[in-house]
Every structure is written in C-alpha cells, then in structure tokens.
Amino acid sequence: MVGRQLTPLRRAFYDRPVLDVALDLLGAVVWHDEVAVRLTEVEAYAGAADPASHAYRGQTARNRVMFGPPGHAYVYFTYGMHFCMNLVCGPPALASAVLLRAGEVVAGSDVAAGRRSGAAARDLARGPARLCQALDIDRRLDGEDVTVPGGLVVAAAAEPVAANRVRRGPRVGISQAADRPWRLWIDGDPSVSAYRAHVPRRRRTSGEAKSLGGH
DNA sequence: TTCGAGATCGGCT
DNA sequence: GCCGATCTCGAAG
C-alpha cells in the first residue's frame, strides 16, 4: 500500500513562493479515496499578479479559496464538464496556486481505470481533468486541507526528483501571459500531457457561415 | 499522426 | 451573452 503510510506535507511547506512549491510537488503523491497519483506535471499561477490566474481580477465566490491559507485545494469546474485542482501556496494576499496537470497512478489503478472507463495506464491521470476524474475529485473538495490525514492528502516525494530531469516550458491552454515558462514536468515521463499551445475556440455564427460560403 | 470541432454550463463582463 | 487553466472522436494526410 503505497499511500497508506505517506505523511501529509506540513502546511508551512506550501507557504512559500509558488515556483518553489511547484518544483517540490513534482514526484509528490496525491491520495484520495483508494487512488494515489504521483505528480509528473504541474503549472504555477502567481495569483493576483498573474494575468493568466483566476485570481487576477480579484476575489470572487469561485476563487475565494485561493485567497485563503496555503495547503488547501482549489477545485473549479470548467468547459461545462471538467474539474481541475490547484494547491494554494504562499501568503493569502498573493492568492498564488499550483495547478496539478498530470501524474502516474501508483495505487488503486483498478479503481482509477473504472472511473476513466478503462483508459490505458499512462492515460489514467494524464491531463488536469483526467487527473481529477481518476482521483474522484470534484467541487465537494474545494477548500479541503491537504495537509492533514484523511480525505484528500498530498505527501512529499519518496525521493526528490533529480534536478536534471526537471523541465520548464510555457503553460498550456491559456491566452494571457502564456509565454511565462511556469509549466514544470519530469522529462521523459510517459504520463506528462502533450503540449498544446493555446488556440482560440472557433464559434459558428450566422455571419461567419455567410462569409465562408460566398464572400 | 495531426488537426478541427463539438460537448456543455458556470463565472464574469 | 461570451468564453474558458479540457477531452474525445472522427476525418484527413
């Protein structure tokens, strides 16, 4: 049982600059409801100072957890069907957080596969929404303290990821400040999600359909 | 293998 | 109303 003996990271661990926390989360293990995921890819969001962050425009009902104490989960709903999970870090006023983008299922893979309708092992938690699905994370866990045993827990890496295996690059799927290299991943790990630059969604409108047809 | 578009709904302007 | 820190499937190369 990989996850049972894991000790949650102390809350003080998260009360540091967001990039430091993101780096230490590589290789850390997220445990929830019989499934454990070893993180292989994360993204840093510098809260109120970051145009790409949900906290950039100030506190709202949705992002209030980001403005609270570090060590708590910020879970939000997006695209009408997906959940994504962040870990709040740093002083509350900064509202910075780390998005958990992908990982490798290290315990409860049968349970995770059931939730992911039999996806391939490497795909079980590859991508932020898939990771939440594999771990059965949704809005119920928004605001959950991950630094205490029970429920949703994040534990330190069994052994630190070698510095020469950590890679940095642009963040994924955002249109603002997309050039900041605040996406961190473990080089060569098969569970790292494929990089896709932000592409504005195309939307069918009557005017567009008309111009496509004739003009 | 790569690309494009649909699904679907809550938050914010 | 508009658009998103996404995923999946089908079509084309």
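The model shown is predicted, which means the values in this text are computed figures rather than measured ones.
Distance CZ (A:Phe83) to P (B:dA7): 20 Å, rounded to an integer number of Å. We find that CG of A:Leu100 is positioned 13 Å from P of C:dT6, with the value rounded to whole Å. The distance between atom CG of A:Asn63 and atom P of C:dG4, rounded to the nearest whole Å, is 17 Å. Rounded to a whole Å, the CZ atom of A:Arg101 is 12 Å from the C1' atom of C:dC7.
Between A:Arg62 and C:dA5 there is no side-chain N or O to OP1 or OP2 distance below 4.0 Å. Within the 4.0 Å cut-off from OP1 or OP2 of B:dT13, at least one side-chain nitrogen or oxygen of A:Arg57 is found. Close to B:dG11, at under 4.0 Å from its OP1 or OP2, lies no side-chain N or O of A:His54.
The side chain to side chain contact (heavy atoms under 4.5 Å, CB included) test applied to A:Arg165 returns A:Val161, A:Ala162, A:Ile186, not counting sequence neighbours.
Under the 3.5 Å distance criterion, with hydrogens and angles disregarded, a donor-acceptor pair is assigned to the side chains of A:His54 and A:Tyr74.
Aromatic stacking of A:Tyr45 on C:dA5: satisfied, with centres closer than 5.5 Å and planes within an angle under 30 degrees. An aromatic stack links A:Tyr79 and the base of C:dG4, using centre distance under 5.5 Å and interplanar angle under 30°.
Base pairing in DNA chain B yields stems of at least 3 consecutive Watson-Crick or G-U pairs, both distances under 3.5 Å, namely B:1-7 with C:6-12, B:9-12 with C:1-4.
In the set B:dT8, B:dC12, C:dA5, the nucleotide with an atom closest to the side chain of A:Met81 is B:dT8. The listed nucleotides are C:dA5, C:dT8, B:dG10; the one nearest the side chain of A:Leu99 is C:dA5. Counting only heavy atoms from C-beta on, A:Thr60 has its side chain closest to B:dC12 among C:dG4, B:dC12, C:dT6.
Using a cutoff of 4.0 Å between basic side-chain nitrogens and carboxylate oxygens, A:Arg171 and A:Asp50 are scored as salt-bridged. A salt bridge between A:Asp189 and A:Arg38 is present, with a side-chain N of the basic residue lying under 4.0 Å from a carboxylate O of the acidic one. A salt bridge links A:Asp33 with A:Arg115: the closest approach of a Lys/Arg side-chain nitrogen to an acidic carboxylate oxygen falls below 4.0 angstrom.
For A:Tyr56, the OH atom is loosely surrounded, since the number of other residues' heavy atoms within 6.0 Å does not exceed 12.
For the pair A:Arg11 and A:Phe13, the NZ or CZ position fails the cation-pi test of under 6.0 Å to the six-membered ring centre and within 45 degrees of the ring normal. Figure legend: A:Arg62 and A:Phe77 shown without cation-pi pairing, the cationic atom not lying both under 6.0 angstrom from the six-membered ring centre and within 45 degrees of its axis.
Side chain of A:Asn63 to main chain of A:Gly58: a donor-acceptor pair is present (N/O by atom type, distance under 3.5 Å, no hydrogens or angles).
Judged by closest nucleotide on DNA chain B, A:His82 is the one of A:Arg139 and A:His82 placed further toward the 5' end.
One N or O donor and one acceptor, one from the side chain of A:Tyr76 and one from the base of C:dA5, sit under 3.5 Å apart.
The stretch residues 125-134 of chain A touches DNA chain C through A:Gly127, A:Pro128, A:Ala129, A:Arg130, each having a heavy atom under 4.0 angstrom from the strand.
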